[in-house]
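Take a look at the structure set out below.
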Number of protein chains: 2
Amino acid sequence: MKKKRISITDIANALNVTPSTVSRALNGGGKVSEKKRNEILALAKELGYRPNPIAKSLLENRTNTIGLIIPEFTHHFYSRMLAGIESVTSEAGYQLLICTSNENQAQEIKSTQTLLDARVDGILATISKMNDKFEHIQEEMDSGTPLVLVDRFSEEIETPYVISDDFKGAFSAVDYLCEIGCRNILHIKGPDNLSTTFNRFMGYKEALRKHEIELKEELLLESSDTNLLEKIRFCLTNHQVDGAFTYSDYLAFEIYKVASELNIPIPEQLSVIGYADEPISTYINPTLSTVNQQPFEMGAFGANYLLNKINNPEIALEIKNLETRLVIRGSCKGLEG
Amino acid sequence: MKKKRISITDIANALNVTPSTVSRALNGGGKVSEKKRNEILALAKELGYRPNPIAKSLLENRTNTIGLIIPEFTHHFYSRMLAGIESVTSEAGYQLLICTSNENQAQEIKSTQTLLDARVDGILATISKMNDKFEHIQEEMDSGTPLVLVDRFSEEIETPYVISDDFKGAFSAVDYLCEIGCRNILHIKGPDNLSTTFNRFMGYKEALRKHEIELKEELLLESSDTNLLEKIRFCLTNHQVDGAFTYSDYLAFEIYKVASELNIPIPEQLSVIGYADEPISTYINPTLSTVNQQPFEMGAFGANYLLNKINNPEIALEIKNLETRLVIRGSCKGLEG
DNA sequence: CTGTTAGCGCTTTCAC
DNA sequence: GTGAAAGCGCTAACAG
């Protein structure tokens, strides 16, 4: 059975004073005689008194808790983001209440409700991919609970957010491929309807434009393509592809597979750059060049924005488009190449 | 500003009844006239009334919250375990309060305290590697808060736990290597003082014994060895190594590196089996054989044990040594080989 | 300096 | 069937 914790009243009774006096002694607030204060502190320590945050929450209408809605845990990106969030919130003395959405809107709505019911002081959310309705977000905001979006945002939601600069990230990758001499650069796009998919594609286009390379439709594939492997094979066989930039690291590995099959050496004949800097990138052979999105920093920034908003609801809209880092590894020729 | 939520008293006042009546109507408990009940339910719905769990917690001395102490988030193993835990707890209507220990005992102690202060109904913990003191765990158990250990346990702590059967997992891997004809099987051990390191090594030994293969000291390496790569190189060069079983998948990749350097083809000349089934295993070339520990199931079992213990503190000690699954991929010769 | 009182939101006797 | 009252643990305003 859960043992009854010792309360402020227990101490008060033992010492023949009132709870208020004990409260004052413990919180240093009002005036208490040195003698009583010491007695109280001593007894509290002896009995292992720990204040009950539940009671305080009820009184103060705040819980020192932050709610987190995240699609899932298993992608390295989210793990790192979570670590960044946790490092900031735990430092600030906040607890983290975590819900997953599984990229499922219904579950996201439920999670939002759950967190609001729990009276969290603020919510950090990565909204799910398939969101087309935002009533639950709107309801969340109407409730007055501060909200900060991380990793994904929507123009329909006016609240602080931290995202990664996908355009620049993609641009830097494709720019690099052009610099090392690639002229037929394959791009595998991400899932439809995702701003990241769109922005990375824009970065790709812009880099080609900068280098006066014509965009060729036949060099564009989509991650959702049926028989993606076959399409990559066709592409590599027929279009003298010498570079590839993919929406994710995992898509880059698909290219690795086909290239290995076709005996196309990487990076000698084909330079490849992925996206996300999954840890696997450094273990695969050749090691994969990729774009690092600094997920830890993203989480940390998001958490800080949220704390700011909690402490000052009238704060100006804080928005961050986080810089990416291009990480060149064995899958690309060198700049002199 | 956080908007004031509507309370049971608000409804009571609006309808000229008392809070008790509203409470009864809402909870279906006592007797309330059909008419009043309907009125109350209607108004509650209209105003968007949501019960305040904080008040309930204070009253009932339970929070519907489970605390989790986990070393870190970024290993795939823990992500999956977390997913397993979350699936069970969210299904049961419990919230998850998450703390990390970073394998640091001081932080683990602090996290324990934090969770107890938060009055969680139970704690799920993966105790940190370097634990030599268990006072904080003892204190936790003395408090009457149910505790379940996952992934790691200690004989000094008498509480339910779920771990993975490292001995059998290792045994099955090395047994397989023997079956396909390996006779000089390299083993890279994990960190010192870890029961998993010990048990996997025992499994390795037992499999060799079963196949009447002599254990050779020169085929044993440790992950902490300085110049591990060099030692692997020496081993592969001088001892006709035809099989390798490593404490982790990542250590297996170190063997890949050296083998590739020395032009030793995998699996033709060297069969390799790792441990943990990191997702990267299926992307690396050749795909890595490995031992899957079923982390999702581990988390789910642990969460269920905890819920059982919360609901019935007198329950018998539940203990599970979870089966592993040997996953054979491209890094091993076939059984006929 | 310290005690009294009231109340955060809710449930649960106990009366009527 | 419904209201009044007490209390979960704590704080704060107000007396004294």
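Just so it is clear, the structure is predicted and the values come from calculations on it, not from any experiment. Letters A, B, ... mirror the listed sequences (proteins, then strands); counts begin at 1.
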Practice problem: Please report the C-alpha distance between A/His136 and A/Glu108 in whole Å, then the side-chain angles of each, then the deciding distance to 0.1 Å, and finally whether the side chain to side chain donor-acceptor pair (under 3.5 Å) criterion is met. | Solution: CA-CA 9 Å; A/His136 59 299; A/Glu108 180 178 308; 2.8 Å; yes
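Counting to the nearest Å, the P atom of D/dA4 and the CZ atom of B/Arg24 are 11 Å from each other. Per the geometry, CZ belonging to B/Arg5 stands 11 Å off P belonging to C/dG9, to the nearest Å. Between the CG atom of B/Asn61 and the P atom of C/dT11 there is a distance of 16 Å, rounded to whole Å.
When each of A/Arg152, A/Gln294, A/Met298, A/Glu297 is paired with A/Ser164, the side-chain contact (heavy atoms from CB on, under 4.5 Å) condition holds for A/Met298 and for no other.
Between A/Glu86 and B/Thr100, the side chains place a donor N or O and an acceptor N or O closer than 3.5 Å (distance only, hydrogens not considered). Side chain to side chain, B/Thr21 and B/Thr18 meet the donor-acceptor criterion of an N or O pair below 3.5 Å.
Taking 4.5 Å as the limit, every side-chain heavy atom of B/Ile109 sits out of range of all side-chain heavy atoms of B/Glu135.
Contacts between residues 45-59 of chain B and DNA chain D, defined by a heavy-atom separation under 4.0 Å, are made by B/Leu58, B/Leu59. Within residues 6-20 of chain B, the residues that place at least one heavy atom under 4.0 Å from DNA chain C are, in residue-number order, B/Ser7, B/Ile8, B/Ser20.
Counting distance only, with no hydrogens placed and no angle test, the side-chain atoms of B/Arg37 and the base atoms of D/dG1 include no donor-acceptor pair under 3.5 Å.
At least one side-chain nitrogen or oxygen of B/Ser23 sits closer than 4.0 Å to the OP1 or OP2 atom of C/dT11. Residue A/Lys36 places no side-chain N or O under 4.0 Å from the OP1 or OP2 atom of C/dC1. Regarding contacts with the backbone of C/dT2, every side-chain N or O of A/Thr21 stays at 4.0 angstrom or more from both OP1 and OP2.
Each end of the helix from C/dC1-D/dG16 to C/dC16-D/dG1 yields a helix axis from five base pairs, and these two axes differ in direction by 50° (to the nearest 10 degrees).
The environment of A/Glu60 atom CD is dense: over 12 non-hydrogen atoms of other residues, nucleotides or ligands sit within 6.0 angstrom.
In this structure B/Phe153 satisfies the ring pair (Phe, Tyr, Trp, His ring centres under 6.0 Å) test together with B/Tyr161, sequence neighbours excluded. With sequence neighbours excluded, no residue satisfies side chain to side chain donor-acceptor pair (under 3.5 Å) with A/Ser57.
The salt bridge (Lys or Arg N to Asp or Glu O under 4.0 Å) contacts involving residues 110-119 of chain A comprise A/Asp117-B/Arg50, where partners must be two or more places apart or lie in separate chains.
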